[in-house]
*Asks:* 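I'd like to ask some things about the structure below.
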Amino acid sequence: MIGINKGALGAVNPNLKLELKFNYQTYTDVAATVAANTNDYVRAWRSTVNSSLFTQSTDAARPQRVSDGLYFDGGDYVAIAHNSGFMDFGTGNFTVEAWVNFANTTTENGIFSQQSISNTHVFLRKNTNNTLQFAAATSSTAVANYVTASAISVAANTWYHIALVRNGSTVSMYLSGISQTLTLVTAIGTMPTGTGDLYIGVEYDLSGYFVGKITDFRIYKGVAQYTANFTPPTRSS
């Protein structure tokens with residue numbers, strides 16, 4: 001697992017490969033610097049793995065940490081350099097989960113994505129019609145394989161736990177612990193691999209910027225963390 005906790009870690013799931021908690025200390029990211037706090041997930045990640053955690057696009061401001069998460073204003077995102085330790089899922093089981101808070105429920109919101117070489121890509125987004133959609137394309141000419149959940153009911157400025165799970169050949173999506181009905185399913189076999197960054201808060205082609213807050217972003221490799229309805233883990237504060 002990459003990141004440090006505030007206090008003792010205790011037992012850690014060995015399949016938990018990345019955990020980003022964005023809400024322990026309030027700070028403002030100015031000129032690519034953060035508050036010098038060794039109990040800070042963001043700082044731990046920046047200082048030990050990637051010197052440019054916050055990558056901005058055309059937006060003058062980077063994602064800003066507020067009291068309960070990392071705030072995305074619709075023009076910024078977090079980019080984390082490619083690391084096969086928590087990416088490159090291959091054909092194995094995996095789980096990606098996060099707590100999300102949509103400030104705008106009518107726009108397209110990219111939750112996470114990866115673009116690799118030759119335009120291979122992966123993304124999870126909430127569409128304008130309030131469907132959740134996961135896609136993976138293995139080449140620039142390949143038609144993306146999609147899994148789409150039927151329209152979800154979400155309100156603005158409300159926290160929801162979202163989980164994307166692959167268990168064998170089955171892909172599932174959960175909203176606040178409830179399995180969602182899938183209305184469009186095409187086979188997703190070997191996941192794309194390459195050198196693309198992991199993006200949080202935008203789609204792979206830098207479109208569909210997230211508007212709202214994200215926290216407790218986790219990636220598990222080799223395990224379907226959830227295979228039935230569940231009680232979501234408590235959101236950190």
Side-chain angles (χ1 to χ4, degrees), residues 57-59 63 68-78 89 94-115 119-138 140-167 169-189 191-192 196 198-219 224 226-230 232 235:
S57 56
T58 58
D59 190 56
D68 56 353
L70 195 64
Y71 178 74
F72 299 80
D73 68 4
D76 47 31
Y77 57 90
V78 171
F89 296 118
F94 64 84
T95 303
V96 181
E97 67 177 351
W99 280 94
V100 300
N101 186 317
F102 301 104
N104 187 332
T105 61
T106 62
T107 60
E108 188 172 298
N109 284 265
I111 299 170
F112 83 91
S113 62
Q114 177 196 6
Q115 182 172 17
N119 201 35
T120 62
H121 60 267
V122 175
F123 65 76
L124 175 67
R125 69 186 178 194
K126 184 192 74 64
N127 291 319
T128 57
N129 61 354
N130 273 347
T131 57
L132 288 174
Q133 189 169 63
F134 170 60
T138 55
S140 59
T141 57
V143 176
N145 295 316
Y146 291 99
V147 176
T148 303
S150 57
I152 58 175
S153 178
V154 292
N157 303 311
T158 302
W159 282 105
Y160 297 95
H161 182 269
I162 289 179
L164 168 69
V165 180
R166 183 168 72 178
N167 183 25
S169 60
T170 301
V171 174
S172 303
M173 296 185 200
Y174 296 87
L175 178 68
S176 295
I178 305 301
S179 180
Q180 300 300 295
T181 300
L182 302 182
T183 58
L184 171 65
V185 181
T186 56
I188 294 179
M191 293 284 289
L198 171 67
Y199 292 143
I200 300 174
V202 71
E203 293 176 28
Y204 74 97
D205 57 354
L206 302 184
S207 67
Y209 289 95
F210 190 91
V211 184
K213 294 179 282 190
I214 298 176
T215 193
D216 294 4
F217 182 91
R218 300 183 179 98
I219 293 179
Y226 311 111
T227 56
N229 290 353
F230 62 94
R235 178 169 55 88

*Asks:* Would you please name every residue forming a salt bridge (charged side-chain N to carboxylate O under 4.0 Å, His left out) with K213, sequence neighbours left out?
*Replies:* D68
*Asks:* Between N229 (side chain only) and I178 (backbone N and O only), is there a donor and an acceptor less than 3.5 Å apart?
*Replies:* no
*Asks:* Which salt bridge (Lys or Arg N to Asp or Glu O under 4.0 Å) pairs, counting each pair once, include a residue from residues 97-110, with sequence neighbours left out?
*Replies:* E97-R218, E108-R125
*Asks:* Taking all atoms of both residues into account, what is the closest heavy-atom pair of S113 and F123, and its distance?
*Replies:* CB-CB, 3.7 Å
*Asks:* Does K126 use its side chain to pair, donor to acceptor, with the backbone of I111 at less than 3.5 Å?
*Replies:* no
*Asks:* Taking it one step at a time, do F72 and V202 satisfy side-chain contact (heavy atoms from CB on, under 4.5 Å)?
*Replies:* CA-CA 9 Å; F72 299 80; V202 71; over 6 Å; no
*Asks:* Are side-chain heavy atoms of V100 and V154 found at a separation under 4.5 Å?
*Replies:* no
*Asks:* Would you name the heavy atoms of A228 and Y174 that are closest together and state the gap between them?
*Replies:* N-OH, 3.3 Å
*Asks:* Y160: what forms a ring-ring contact (aromatic ring centres under 6.0 Å, His included) with it, not counting sequence neighbours?
*Replies:* none
*Asks:* Taking all non-hydrogen atoms of both residues into account, name the closest pair between V165 and A224 and its distance.
*Replies:* CG1-CB, 3.5 Å
*Asks:* Any side-chain to backbone donor/acceptor pair from T181 onto S150? Under 3.5 Å, distance only.
*Replies:* no
*Asks:* Working to the nearest 0.5 angstrom, can you tell me the gap between T148 OG1 and N127 CG?
*Replies:* 7.0 Å
*Asks:* Counting only N and O atoms by type, is there a donor-acceptor contact under 3.5 Å from the side chain of D73 to the main-chain atoms of G75?
*Replies:* yes
*Asks:* Rounded at 0.5 Å granularity, tell me how far CD1 in I162 sits from CD1 in I152.
*Replies:* 5.5 Å
*Asks:* Any idea which heavy atoms bring T170 and S172 closest together, and the distance?
*Replies:* CG2-OG, 3.9 Å
*Asks:* For a 4.5 angstrom cut-off between non-hydrogen side-chain atoms, does F112 reach L164?
*Replies:* yes
*Asks:* Measure from the side-chain N and O atoms of N109 to the backbone N and O of V211, and report whether any donor-acceptor pair falls under 3.5 Å.
*Replies:* yes
*Asks:* L206 versus Y199: any side-chain heavy-atom pair under 4.5 Å?
*Replies:* yes
*Asks:* If I take atom CG from residue L175 and atom CD from residue Q180, how far apart are they, to the nearest 0.5 angstrom?
*Replies:* 5.0 Å
*Asks:* Mind checking whether Y209 and T107 have side chains closer than 4.5 Å, heavy atoms only?
*Replies:* no
*Asks:* Aromatic rings F210 and F102: how do their planes relate, parallel, tilted or perpendicular, breaks at 30° and 60°?
*Replies:* tilted
*Asks:* Do you know which two heavy atoms are closest between T158 and N101, and how far apart they sit?
*Replies:* N-OD1, 3.2 Å
*Asks:* For a quick test of reading the model, state the closest non-hydrogen atom pair linking E203 to G208 and the distance between them.
*Replies:* OE2-CA, 3.8 Å
*Asks:* Quick one: does N157's side chain have a donor or acceptor within less than 3.5 Å of a partner on A155's backbone?
*Replies:* no
*Asks:* Nearest 0.5 Å please: distance from the CG atom of L182 over to the OG1 atom of T131.
*Replies:* 11.0 Å
*Asks:* Heavy atoms, side chains only, cut-off 4.5 Å: are V96 and F134 in contact?
*Replies:* no
